[in-house]
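First the structure, in the form of C-alpha cells, and then the observations on it.
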Amino acid sequence: MTEQRGSAPPHSATDETLAALAVRLRASDTGGWTRDATRALVVRLGWGWSDSPSVATGRSTGDARLRPVGKYEERHVSGEAYVELAVPVRHAAPDAASQAEAFRLAKDELTGALGQPSVMGVYGRLAPFLRTVGSWGSPYLRWRGESDTLELRAGQTGPELVLQPTDPAESWFVRQGNGEEHGITGFFGFRADASNGGLTFPGGWRAHSWETVTRALAAFLTTLPAETTALRIPMWMPIYGRIEGKGAPILFDIDCGDRLMIAAFADEVVDPASLGWGTAAEHPTTGRPWPDARHPRLRIDAGGPGEPSGQALAETIVATARAMGVETPEDLLIGTEAGDLGEYRVTYYGLGLSMA
C-alpha cells in the first residue's frame, strides 16, 4: 500500500502555503505510479479521487490534474499509469510580466523551503509528451529525486507544481536528441549536485541554413526577458563568428535580466540604420551592460517581458553577421562563457549553434 512519508496528516488544503504543499508532495511515496498507488497517493494527500484526470484539492487556485499514460508517453514508462500530478499554485493575468512575476514569487518561496533546484531551464515550443506551452514563456525548475521529481513550471494560467516520476520525462528529453532541426528547443541547465547523479543528456542538432538560424533565434529572443525574470537568473551570451582572414572575433553581446539588450561589434562597413541598430544615445539603458558609449557602437534595447520582437531581432542579427563576412551558419558560435549561469551549466539546445 502506498503511504506518505513524514508526519503531516491529510488536511484541508485551502489555507496550505506553497512551501507546505511542496514539502508534502516531495515527501510522498508514489508507489511506482500504478493506478492503485496513485489513487492511494491522492487520498492520503487529502484530495478527492475520481475516474477522470481531475483531482479535487479544495485549493483556491483550482483542481489538480493527473496525466495518464497515452500514445505519447507509453514508450517512456515502465509500469506507470500516470506521468504527473500537476497542481496550479498561482493565478496571474495573461500578460508576460504578470506571469513571470508569479513564477518568480513561487520560485522564491520554494527555494526557501527546498533549497536550490537541481535543474533549471526553458522548454521552448516542445515540452515533454508534446504538452502545450504558453506564449509568454516556458521556464521550469526541478528538484530531482531518484524515483520522483518535483517541478515548478509555467502553466496556462500561472505556475504549476508538478510531482512526476523521474524517468519518463527524462527519457522523452534524451530521445529528442536525434539530430533533426528543432528536435530540441529551449535550454537546459544543471547544478553539480548529488541529486543529479545518473542524469543523462541528449545529443543536439545543428542549423544548416540561415532560415533555420533566424527561426531559432526568433523563438529564443521573443520570450527571453520573461524567462530570465521568472527564473531570476540573468543571462549574458557572446556570439562569435568565423570570418576569413579575421579569425573568430566577437560579433554580438546578448544581455538579458529584466530587459533584453543586444549589441554588435560591427566594423564601419555595416550601416546600422539599414539593419535595425541604434546607438547608446538612442538606447540609454544599454549603458548598464556597456558603459562606454563608443564600444560597442551598435545597440538595441528590445524591452522587458512580452516586449521583444524576436523575428525582427533575429533578422537583424543574421543580416549583420552576413554583412560582416560570416558565410555559413556553422561559422556562428555561442561563447563558452554563456554556458555558466550562476551555479548551473547550461546547454542551448534550441539555437542549433556550436559553442566556441
Kindly state each residue pair satisfying ring pair (Phe, Tyr, Trp, His ring centres under 6.0 Å) with at least one member in [range], sequence neighbours excluded.
range: residues 332-356; value: Phe173-Tyr349, Phe187-Tyr348
range: residues 231-268; value: Phe265-His295
range: residues 297-326; value: none

Checking side-chain polar atoms at under 3.5 Å, does [X] have a donor or acceptor matched by the opposite partner on [Y]?
X: Trp277; Y: Thr320; value: yes
X: Thr285; Y: Asp301; value: yes
X: Ser50; Y: Ser52; value: yes
X: Trp33; Y: Asp148; value: yes
X: Ser118; Y: Asp193; value: no
X: His208; Y: Glu330; value: yes
X: Glu181; Y: Thr212; value: yes

key: Contact check, side chains of Ile184 and Leu126, non-hydrogen atoms, under 4.5 Å   =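 Heavy-atom side-chain distance check fails, nothing below 4.5 Å.
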ask   = Tell me, do Lys107 and Leu152 make a side-chain contact under 4.5 Å, heavy atoms counted?
value = yes
Charged N-O contact under 4.0 Å between [X] and [Y]:
X: Asp258; Y: Arg232; result: no
X: Glu80; Y: Arg35; result: no
X: Arg65; Y: Glu160; result: yes

query = Which other residues belong to the hydrophobic cluster containing Trp290, where Ile, Leu, Val, Met, Phe, Trp and Tyr are joined when side-chain heavy atoms lie under 4.5 Å apart, directly or via other members?
reply =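 Taking Ile, Leu, Val, Met, Phe, Trp and Tyr as members, Trp290 shares its hydrophobic cluster with Met261.
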query = Pairs in or reaching into residues 303-314: which pass side-chain hydrogen bond (donor to acceptor under 3.5 Å, both in side chains), with residues at least two apart or in two chains?
reply = Gln311-Glu315
Looking at [Y], is its backbone amide N or carbonyl O close enough to the side chain of [X] to form a donor-acceptor pair, meaning the two atoms are under 3.5 Å apart?
X: Thr185; Y: Tyr123; value: yes
X: Ser147; Y: Thr166; value: no
X: Asp255; Y: Met237; value: no

request  = Would you list the pairs meeting salt bridge (charged side-chain N to carboxylate O under 4.0 Å, His left out) in which at least one residue belongs to residues 164-174, sequence neighbours left out?
outcome  = Arg144-Glu170
remark   = What one should report as the nearest heavy-atom pair of Ala314 and Leu221 is N-CD1, 4.4 Å
query = For the salt bridge (charged side-chain N to carboxylate O under 4.0 Å, His left out) test, which of Arg131, Arg153, Arg67 pairs with Glu84?
reply =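 Among Arg131, Arg153, Arg67, the one meeting salt bridge (charged side-chain N to carboxylate O under 4.0 Å, His left out) with Glu84 is Arg153.
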